[in-house]
Amino acid sequence: MAIIHELSPHLADLIAAGEVVERPSSVAKELVENAIDAGSTRITVELENGGISYLRIADNGCGMSAEDAPVAFRRHATSKLRTEEDLMAIGTLGFRGEALAAIASVTRIDLFTRQKGAIAGLHLHLEAGELQTQEEAGCPEGTTIVVRDLFYNTPARMKFLKKDFTEAGYILSVVQHAALSHPEIAFSLIRDGKQVFSTDGKGKLIAPVFAVFGKELTADMLEVPLTERNGMQVHGYIVKPHAGRPNRSMQHFFVNGRYVKSRLMQAALEEAYRNAMITGKYPSGAVFLDLPLAAVDVNVHPAKIEVKFSQEKPVFEAVYIACKNALHAGDNIPQLTHRERKAAPAPAPQENEQAAEQQRFAVRVETDASPARKVNAPKLEDFLLAVPSREEEIHANVLAAASPSVFDADVPPPHPAAPVMPAQNTVCGKGSEPARGTGRAAAEPPVLEPLDSGIRVIGECFQTYIIAEDKEGLILIDKHAAHERILFNKLRAEIDMPQQQLLVPVIVELTGEQAGAVQSQIEEVRKVGFAIEPFGENSFAVRSAPAYLDSGDIQSVISELSEKLLSSRAVVPDRLDELIHTVACKAAIKAGRTTSLTELQDLCRRVMYDENVRSCPHGRPTTVRLTKYEMDKLFKRVNQ
Ligand code: ADP
Ligand code: MG
C-alpha cells in the first residue's frame, strides 16, 4: 500500500525546475523577463561556457527591498499576480512566481539589488535554493543576478546540455527576441568577454531588426506599418519576395510583446507570399501581434512559448492582410548595386563580434590580390540586390497610366487568336522558321519613342531580357517570366482570358491513368481555359484553348496537367494554381526567341505599371534595376 506524503519544498522546486529550467538559455529567458518586468531601460547579459558555469543578468530596473528579495526565491512568490481574474489578463512576462525558486534550486546564485533612491543595496548568496548569506552592499540601482554552475547538484541533467557554442547560441536567441520586442530597452550580450550583440534602446524597431537580421537581409526588408483589424494590431518587418531563405529560422513572431512559436501566424505570413516567392523558399521577418489580453492564453506551456488564441480565424486574417498589404505597397523590384572588391587589407580591429560579422558582409575580401587583378572589370557577383532609393519609389508611383497593350485581353494577342490550324506554327511555335516577331522587328525603327511614362525600351539581349531605361537608370526584364506572370494573373482572375477556337479540334491521347485523372477532374481543366470533351478511350478532344497557347503545345500541356492532377494532394484552389502555372508557362513568350520591339515595349509597360507582375508565379523576380548612379560608380564618374 502506497503511503501518500507531501513532497518536501526542495523536491517540489527541483521538479518545477525540470519544467522551467532546461538549459542555460531558459535561465537567461526567465531572468531577462524579470528585468523587463522591472521596468529596466538597459539590460546586459554576460556569459561564459555557454552560460553553464557563469551567467550574469544586470538591469537598471526597480530593484527589490531587503524584505522582498529573500521572498522572491520562494516558490509561488510573485509580485505580479494576486487574483484569479489577474490570470485571465496577464500583462507581465512572468506571473507564476516559479522561476527564481526553480533556478536557485539547481545553481549557486548571487543577487545584488537596490531600489531606486534607497541608501544601500542588498547582497544575497544562495546555494541549491538555500539562503547562505544576506548582507548590505553598495551596488548600483537595479538588480544584478549572477548564476553559477548550473545543475551542479543534479549531474544527470548536465548530460542533456549541448556544446558551449550551441548553448550560447540559444542565449543569443533569447536576447534577440527580447530586443525585438523591446526596442526601448538597450540590450547587450557579452560572450566570453566579447560583446556579440547590442541594441541602442532608442525605441525604433529598425535598430533591433538590423542587429538581428544583419545588414543585407535588412536592406531587403519592408516595414509592415501598424495595421488594425478585427480588434487587433499587427506591425513589423518582412522581407521582399525575392529574398526568400531555404528555411524558417529567420521568422520571429510575437504576441503582446512575448516571443511565441505560432503555426497560425507562420501560415498567415507565408500565405501573404503565395505565388510571389520561389517554391521551397521561406519568408523571414519579425511580426508583432497585439490583441486584447483576454483573447489569448499564455498559460499553456511551462516556458510560455506557445499561445492559444480563443479565435484563430481573425488572427490569421489580421496577420495575412497586414503582410500582404506591405508586400503590395512596397516597390519589390530588386536593385543591382555594385560592390567594390577590396584587396585584402589587414582587417581592422573590431570592437565586437557583431561588428566583425557586419564587416564580413560588407567587404568581400579577396585573398588573391595580385596587382594584375586590381583593374578587373566588375563581375556579376560584384552586384548585390538592395533596396531601391526613396526617389525611385516615388518615381515608380508617379508613372502615368498605361495605354492599351497587346497583353491586354481586349487587344489581339501577339499571335493569331482564332482560328488556327492544329499543326500550324504560330509565333511561339516550334521549328526553325523565324518567329513572326522577328520580321516585324526588322521593319520597325531600331529604337522606339519613350513610353508616356518616360521609359524607353532599348531592345533585348540574349533573346531573353528586355533592356529599357528611365531617368533613374537601366531596367532589365525577363520577358518569359513577366509574360508568364501576366497570363497567370489573368487566368487566375478568370476574366478576360481570351480563348482561341481551334478550326479542327486537337485530339489528345493520354495513358489510362492520366485519362482517369482528367475525366474525374474535367471541370478544373475547363477552368484553366480548355473546352475539352472525352473522345473515345483515353482520348480527349480540345476545341478551344487559352489564346496564347500554341496549338502544337496542347497535347503536352494536357498531359502535364493530368500528371499534376494525379500527384497533387493540394486543396482545390492551390491545385488550380498549379494547373494555371503550367498553362501560363507554356503560353508565355519563350526565352531564346526574338520578340518585336512593340511587344517588348508592351511587356515593359505592363511590368512597370502592375506591381503584381514583379515576380513570376514561382517567385523569381521579373525585373531588376541598375541605377545610373551605380553605373557611374562602375565607370568611376562619381566619387564613392
Ligand atoms: P514571476 O516573474 O513569475 O513573478 P519570479 O520567480 O521570476 O516570478 O520572480 C519573483 C519575484 O521577484 C517577481 O515577482 C518580482 O517581484 C521579483 N523580481 C525578480 N527579478 C527581479 C528584477 N530583476 N527586478 C526587480 N524585481 C524582481
Ligand atoms: Mg519571472
Side-chain angles (χ1 to χ4, degrees), residues 9-10 12-22 24-46 55-84 86-107 109-118 121-126 129 131 134 137 139-147 174-175 177-178 181-182 185-188 256-259 293 298-305:
H10 179 63
D13 284 347
L14 276 182
I15 292 167
E19 285 181 11
V20 180
V21 186
E22 198 191 341
S25 61
S26 26
V27 176
K29 178 170 184 286
E30 294 294 338
L31 298 182
V32 166
E33 288 186 354
N34 281 349
I36 294 170
D37 285 346
S40 312
T41 57
R42 171 166 294 279
I43 299 174
T44 302
V45 178
E46 200 177 336
L55 185 62
R56 173 178 172 272
I57 281 88
D59 69 50
N60 62 353
C62 63
M64 284 177 266
S65 69
E67 300 80 60
D68 277 352
V71 182
F73 289 95
R74 288 198 211 129
R75 205 156 175 228
H76 303 308
T78 177
S79 57
K80 301 168 194 171
L81 194 66
R82 291 200 184 274
T83 66
E84 218 179 298
D86 289 349
L87 194 58
M88 298 302 291
I90 291 163
T92 49
L93 292 167
F95 54 85
R96 292 193 182 89
E98 229 162 35
L100 283 185
I103 294 165
S105 71
V106 289
T107 57
I109 286 190
D110 284 289
L111 171 89
F112 302 86
T113 187
R114 179 156 75 95
Q115 285 188 305
K116 289 226 158 81
L122 180 75
H123 169 214
L124 301 184
H125 180 75
L126 295 97
L131 187 61
Q134 171 167 358
C139 49
E141 284 180 350
T143 302
T144 297
I145 299 192
V146 181
V147 178
V174 164
V175 177
H177 292 146
S181 46
H182 293 278
I185 300 177
F187 283 91
S188 168
N256 292 340
R258 192 188 294 273
Y259 170 75
L293 293 172
V298 292
N299 203 6
V300 292
H301 188 273
K304 292 169 279 182
I305 206 163

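Just the heavy atoms: all of them, side chains too, but no hydrogens, waters or symmetry mates, feed the values below. Remember, it's 1-based here, ligands and their atoms both numbered in the order they're listed.
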Notebook entry, point to check: Of the non-hydrogen atoms in Ala28 and Ile57, which two are nearest, and what is the gap between them?
Noted result: CA-CD1, 4.4 Å
Notebook entry, point to check: Gly121 and Cys139: which non-hydrogen atoms are nearest, and at how many Å?
Noted result: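 Scanning both residues, the minimum pair turns out to be CA-SG, 3.7 Å.
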Check: Which of these, Asp110, Ile109, Leu111, sits in a side-chain contact (heavy atoms from CB on, under 4.5 Å) with Leu124?
Finding: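 Testing each of Asp110, Ile109, Leu111 against Leu124, the sole residue satisfying side-chain contact (heavy atoms from CB on, under 4.5 Å) is Leu111.
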Next item on the list: Tell me which part of Ile57 gets within contact of ligand 1: side chain, backbone, both or neither, using heavy atoms under 4.0 Å.
Entry: neither
Next item on the list: Determine whether the side chain, the backbone, both or neither of Ala38 has a heavy atom under 4.0 Å from any heavy atom of ligand 1.
Entry: side chain
Note to self: Check this for me - ligand 1, Glu30, N or O atoms closer than 3.5 angstrom, yes or no?
What the structure shows: no
Next item on the list: Looking only at distances, please establish whether an N/O atom of ligand 1 is found under 3.5 Å from an N/O atom of Asp37.
Entry: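 No - when backbone and side-chain N and O of Asp37 are compared with those of ligand 1, no distance drops under 3.5 Å.
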Next item on the list: Please step through side chain to side chain contact (heavy atoms under 4.5 Å, CB included) for the pair Ile185 and Thr41, ending with a clear verdict.
Entry: CA-CA 4 Å; Ile185 300 177; Thr41 57; 5.6 Å; no
Checklist line | From Met64, Gln115, Glu33 - option closest to atom 17 (C) of ligand 1 by heavy atom | finding: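 Result: the heavy atom closest to atom 17 (C) of ligand 1 is in Met64.
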Item checked: Expected output: side-chain Thr144 to main-chain Phe112 donor-acceptor under 3.5 Å ->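 Looks like no, no N/O pair under 3.5 Å.
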Next item on the list: List every atom of ligand 1 that sits less than 4.0 Å from any heavy atom of Leu100, numbering the atoms from 1 in the order shown and giving each element.
Entry: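 That gives atoms 5 (P), 6 (O), 7 (O), 9 (O), 12 (O), 19 (C) of ligand 1.
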